[in-house]
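Only one structure is covered here, and it is reproduced in the block below.
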Amino acid sequence: MNEQLQQTIDALSGGLQGVPASAAVANVTSWHQTLDGVPGAETIVEHLASLKAALESGDLEGAAALLPDLGAATESIVADAPAADQDGLRQLAAALQG
């Protein structure tokens, strides 16, 4: 599994509420940069942009409301991801969907 994916799963292992907002913004920004321009990841990139905006504005309730859709979009790309990342993406999708 790639390191960025493993770090994100590790950060979420204590639950979404345990992630400091500043760490969440940094993680979302990193994923946005990683996935921007990747074919098939357009929906995820859009969700990440919305999530980043909500986090930066302090709208934690709005940010939380975006996570299930982000999880569903993540789940939708599992089959097209490298085999080594598929289990991690399933874990991430499940964590985001609650």
Side-chain angles (χ1 to χ4, degrees):
M1 177 181 325
N2 86 45
E3 186 176 332
Q4 185 178 15
L5 180 55
Q6 185 63 58
Q7 289 174 345
T8 302
I9 292 168
D10 290 346
L12 294 174
S13 67
L16 297 172
Q17 296 79 9
V19 180
S22 60
V25 169
N27 191 287
V28 168
T29 300
S30 177
W31 276 112
H32 189 270
Q33 292 169 346
T34 298
L35 296 173
D36 193 27
V38 173
E42 296 86 2
T43 301
I44 294 173
V45 171
E46 290 173 16
H47 286 304
L48 289 170
S50 297
L51 179 57
K52 181 180 176 186
L55 290 168
E56 288 178 334
S57 72
D59 181 9
L60 300 182
E61 187 174 305
L66 296 169
L67 298 179
D69 287 340
L70 178 57
T74 300
E75 191 171 31
S76 75
I77 66 162
V78 170
D80 295 326
D85 294 333
Q86 289 182 1
D87 284 340
L89 287 169
R90 283 186 194 95
Q91 291 174 37
L92 178 57
L96 293 171
Q97 292 176 358

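In what follows, residues are counted from 1 in the order of the sequence shown.
- Looking at Ile44 and His32, their side chains never come closer than 4.5 Å, going by heavy atoms from C-beta outward.
- Here the NE2 atom belonging to His47 is positioned 12.5 Å from the CG atom belonging to Leu35, to the nearest 0.5 angstrom.
- Of the residues listed (Thr34, Thr29, Asn27), the one engaging Trp31 in a side chain to side chain donor-acceptor pair (under 3.5 Å) is Asn27, and it is the only one.
- Note that CD of Gln91 and OG1 of Thr8 are 11.5 Å apart. Values are rounded to the nearest 0.5 Å.
- Every salt bridge (Lys or Arg N to Asp or Glu O under 4.0 Å) that Asp87 has, sequence neighbours left out, goes to Arg90.
- The line from CD of Gln4 to CG of Asp85 is 10.0 Å long, rounded to the nearest 0.5 Å.
- For the atom pair Leu5 CG and Gln86 CD, the distance stands at 11.5 Å (nearest 0.5 Å).
- When all heavy atoms of Leu12 and Ala95 are compared, the pair lying nearest together is CD1-CB, 4.2 Å.
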Below 3.5 Å, can you tabulate the donor-acceptor pairs from side chains in residues 54-62 to any protein atom, sequence neighbours excluded?
from	atom 1	to	atom 2	distance (Å)
Ser57	OG	Ala53	O	3.3
Ser57	OG	Ala54	O	3.0
Asp59	OD1	Gly62	N	2.8

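- Hydrophobic clustering of Ile, Leu, Val, Met, Phe, Trp and Tyr side chains at less than 4.5 Å, counting indirect connections, unites Leu89 with Met1.
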What donor-acceptor contacts under 3.5 angstrom involve side-chain atoms of residues 66-79, with partners at least two apart or in another chain?
from	atom 1	to	atom 2	distance (Å)
Thr74	OG1	Leu70	O	2.8
Glu75	OE1	Gln97	NE2	3.3
Ser76	OG	Ala73	O	2.6

